[in-house]
Amino acid sequence: MKTVQINSVYGVGSTGIIVKDLCDYINKKGIESKVFYGYGASSDKNAVVFSSRLNFNFHVLQTRLLGKHAFYSQHPTRKLVKMLKAYAPDVIHIHQIHGHYLNIPILFDYLAESNAKIIFTLHDCWMFTGHCAHFYHISCEKWKTGCGKCPQLSAYPKSLIFDRSKESWRDKKKYFTMLKNAVLVTPSQWLFQYLPSSFLNPYDKRVINNGIDTTVFHPKDSSGLKKALGLENKFVIIGMASKWLHPDNQEKAIDLIQSFGDDTRVVLLGVTQKQKLLLPEKTVCVPFVSSREELSAYYSLGNVFVNLSLEDNFPTVNLEAMACAVPIIAFNSGGSAEVISGDTGFSVNPGDFSGIKEAIRAIQQSKKDYQSLCRKTAEKRYNEERCYESYYNLYQERD
């Protein structure tokens with residue numbers, strides 16, 4: 001058996017790490033596996049790039065000016081199809097179709113003729129909407145009936161001029177439902193619940209949670225890093241800057257940081273220079289961290305990880321922090337709260353920052369051993385081998 005995964009990136013970002021780790025796992029199980037991906041450098045012999053950063057930039061420009069994302073990139077997609085025909089995989093596993101690197105008609109015309117088993121992992125809602133990757137936060141249901149007059153044209157994938165959401169929904173429905181044999185996988189129950197109301201409903205559907213490498217993400221001795229950052233004897237809150245400083249969160253998140261006493265510090269990861277100017281002085285700002293080992297060390301600083309994501313599928317950052325023995329507080333929106341139980345943290349209503357502060361105080365004052373409970377939960381439920389074994393079994397299923 002030969003398998004191939006298709007994604008925008010490889011080895012970086014949440015989906016890029018997932019496809020790399022899954023490819024490695026499948027190869028270790030004795031099945032030949034490769035990843036064909038859009039852009040970025042890699043020396044991995046199992047990863048083959050078929051597009052370029054130049055094409056990515058051109059696709060971004062076309063999307064913004066013409067408004068119909070994933071219907072450009074003709075030349076790279078023809079190259080991809082040529083590679084697929086030469087490799088002749090038994091399983092084609094597609095992750096993110098969006099990402100400014102693919103042409104839907106060219107790829108799906110090939111898939112419709114292929115004898116391979118087709119699997120899609122939906123990492124967001126884009127596959128069944130006319131434009132957006134998420135609609136939960138604005139309570140939009142136009143994706144059920146055909147989109148049009150999109151309220152989120154300025155959201156990714158941004159369109160500056162034309163609203164082509166109705167046309168895109170129609171054409172995505174045409175191509176995404178033309179396959180005879182496909183399986184849809186969602187990492188969360190939250191995303192799974194929407195599929196029966198979408199045009200993707202006729203397909204076989206599964207839930208396979210994201211997993212993480214618990215040999216990389218584990219509690220580390222953070223005493224040296226704590227000293228370097230001035231965090232000794234402090235209660236440490238870890239968060240992701242992109243979520244804390246989302247436009248809908250920013251003002252309240254800054255107020256939250258300012259409300260803490262001198263015994264508490266907020267450490268934000270992935271802070272840009274522009275974002276740093278917005279934050280109170282006592283915030284510990286950490287630039288983007290690419291190394292998983294280094295990221296694990298930063299998680300291990302924390303007494304609590306606070307995820308202020310308003311829309312997310314099944315964020316691996318929650319799993320990573322939990323594997324580092326850090327309890328989670330998150331908004332009860334998207335799939336973010338699915339990993340949270342009474343033993344691993346708290347979820348609160350979206351936008352409820354007083355609830356966030358109360359949950360932080362509850363963990364701070366609790367005598368419960370959240371650390372060991374979080375680590376045990378991560379090892380038992382979200383170890384990547386458990387997740388990838390499910391994909392391995394799916395690859396081998398016969399129709």
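No hydrogens, no waters, no symmetry mates; every other heavy atom, side chains included, goes into these values.
- Ionic pairing of Lys173 and Asp171 is not present here: no N-O contact between side-chain nitrogen and carboxylate oxygen is shorter than 4.0 angstrom.
- Under the 4.5 Å side-chain heavy-atom criterion for Ile, Leu, Val, Met, Phe, Trp and Tyr, Val9 and Tyr101 are members of the same hydrophobic cluster.
- With salt bridges taken as basic N to acidic carboxylate O contacts below 4.0 Å, one links Asp24 and Lys20.
- Within a 6.0 Å radius of NZ in Lys205, other residues, nucleotides and ligands contribute more than 12 heavy atoms.
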- Going through the checks in order, is the side chain to side chain contact (heavy atoms under 4.5 Å, CB included) test met by Leu184 and Leu195? CA-CA 9 Å; Leu184 307 180; Leu195 296 184; 4.3 Å; yes
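- Ring geometry for His98 against Tyr156 counts as perpendicular: the plane angle is over 60°, on a 0 to 90° scale with 30° as the lower cut.
- Judged as a ring pair (Phe, Tyr, Trp, His ring centres under 6.0 Å), the pairs with a partner in residues 336-356 (not counting sequence neighbours) are, in order, Phe331-Phe353.
- Note: Leu319 CG to Cys387 SG = 9.5 Å, rounded to the nearest 0.5 Å.
- With hydrogens and angles ignored, the 3.5 Å screen pairs no side-chain donor or acceptor of Asn383 with any backbone N or O of Gly211.
- Between Leu61 and Phe56 the shortest side-chain heavy-atom distance does not fall below 4.5 Å.
- Tyr10 has its ring centre less than 6.0 Å from the ring centre of Tyr37.
- Remark: the backbone N or O of Lys149 is paired with a side-chain donor or acceptor of Lys142 at under 3.5 angstrom.
- Taking the six-membered ring where tryptophan is involved, the planes of Phe135 and Tyr194 are perpendicular, since the angle between them exceeds 60° and thus also 30°.
- Put simply, the side chain of Leu225 does not reach to within 4.5 Å of the side chain of Lys220, judged on heavy atoms.
- At distances below 3.5 Å, at least one donor-acceptor pair connects side-chain atoms of Ser259 with backbone N or O atoms of Leu256.
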* To do: Go through the steps for Asp44 and Ser42 under the test side chain to side chain donor-acceptor pair (under 3.5 Å), then give the verdict.
  => CA-CA 5 Å; Asp44 194 325; Ser42 175; 5.1 Å; no
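- Counting all heavy atoms, side chain and backbone alike, Ala70 lies closest to Trp126 at CB-CH2, 3.6 Å.
- Taking the six-membered ring for Trp and the full ring otherwise, the centers of His69 and His59 sit less than 6.0 Å from each other.
- Side-chain N or O atoms of His137 include none that pairs as donor or acceptor with a backbone N or O of Asp248 at under 3.5 Å.
- Under the 4.5 Å side-chain contact rule for hydrophobic residues, Leu268 and Val304 share a cluster.
- Sorted by first then second residue, the ring pair (Phe, Tyr, Trp, His ring centres under 6.0 Å) pairs that include residues 226-280, not counting sequence neighbours, number zero.
- A distance-only check finds a donor-acceptor pair linking the side chain of Thr272 to the backbone of Gln275 [under 3.5 Å].
- Counting heavy atoms from C-beta on, the side chains of Ile208 and Tyr391 come closer than 4.5 Å.
- Between the side chain of Thr129 and the main chain of Cys132, a donor-acceptor pair closer than 3.5 Å is present.
- Panel note: side chain Lys226, backbone Asn233; no donor-acceptor pair is recorded below 3.5 Å.
- We find that Glu141 and Lys144 are joined by a salt bridge, their nearest charged nitrogen and carboxylate oxygen being less than 4.0 Å apart.
- Cation-pi check for Lys68 over Phe71 is met; the charged atom lies under 6.0 angstrom from the ring centroid and within 45 degrees of its normal.
- Under the 4.5 Å side-chain contact rule for hydrophobic residues, Trp169 and Leu191 share a cluster.
- Judged purely by atom type and a 3.5 angstrom limit, Gln96 has no side-chain atom pairing as donor or acceptor with the backbone of Ser8.
- Cluster membership check: Val306 does not share its hydrophobic cluster with Ile328, using side-chain heavy-atom separations under 4.5 Å among Ile, Leu, Val, Met, Phe, Trp and Tyr.
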- Do Asp262 and Arg265 pass the salt bridge (Lys or Arg N to Asp or Glu O under 4.0 Å) test, and can you show the C-alpha distance, the side-chain angles, and the key distance before you say yes or no? CA-CA 7 Å; Asp262 193 54; Arg265 287 291 183 272; 3.0 Å; yes
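- Contact check for Val339 versus Thr344: no side-chain heavy atoms found under the 4.5 Å cut-off.
- Using a 4.5 Å heavy-atom threshold, the side chains of Leu231 and Leu301 count as touching.
- Using a distance-only test at 3.5 Å, with no hydrogens or angles considered, no donor-acceptor pair links the side chain of Asn210 to the main chain of Pro187.
- With a 4.5 Å cut-off on side-chain heavy atoms, Glu389 and Asn393 count as touching.
- With 3.5 Å as the limit, one finds no donor-acceptor pair spanning the side chains of Asn201 and Ser198.
- Under a 4.0 Å N-O distance rule, the pair Asp352/Lys357 does not qualify as a salt bridge.
- Using cut-offs of 30° and 60° on the angle between ring planes, the pair Phe314 and Tyr382 is tilted.
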Asn349 and Asn332: side chain to side chain donor-acceptor pair (under 3.5 Å), yes or no, with the steps? CA-CA 5 Å; Asn349 291 329; Asn332 186 19; 5.0 Å; no
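- Crowding of Asn115 atom CG: a count of heavy atoms from other residues, nucleotides or ligands under 6.0 Å not exceeding 12.
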If you look only at distance, which donor and acceptor atoms sit under 3.5 Å apart when one is on a side chain in residues 81-93 and the other is two or more places apart or in another chain?
from	atom 1	to	atom 2	distance (Å)
Tyr87	OH	Glu32	OE2	3.3
Asp90	OD2	Lys2	N	2.8
His93	ND1	Tyr395	OH	2.7
His93	NE2	His95	NE2	3.4
His93	NE2	Thr121	OG1	2.7

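- In this structure, Lys29 satisfies the cation-pi test against Tyr392, with its NZ or CZ atom closer than 6.0 Å to the six-membered ring centre and inside 45 degrees of the ring normal.
- Seen from the ring of Phe162, Arg164 does not count as a face-on cation partner, given the 6.0 Å and 45° thresholds.
- Between the side chain of Asp124 and the backbone N or O of Asn313 there is no donor-acceptor pair closer than 3.5 Å.
- Residues Val4 and Val35 fail the side-chain proximity criterion, which asks for heavy atoms closer than 4.5 Å.
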Please lay out, stage by stage, how Phe128 and Phe199 fare under the test ring-ring contact (aromatic ring centres under 6.0 Å, His included). CA-CA 7 Å; Phe128 56 89; Phe199 55 66; 7.3 Å; no
Worksheet entry | Verdict with supporting geometry, Ser223 and Asp221, side chain to side chain donor-acceptor pair (under 3.5 Å) | CA-CA 6 Å; Ser223 55; Asp221 179 1; 2.8 Å; yes
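- A salt bridge does not link Glu338 with Arg381: none of the charged nitrogens is closer than 4.0 Å to a carboxylate oxygen.
- In this structure, the side chains of Ile119 and Ile94 stay at 4.5 Å or more apart for every pair of heavy atoms.
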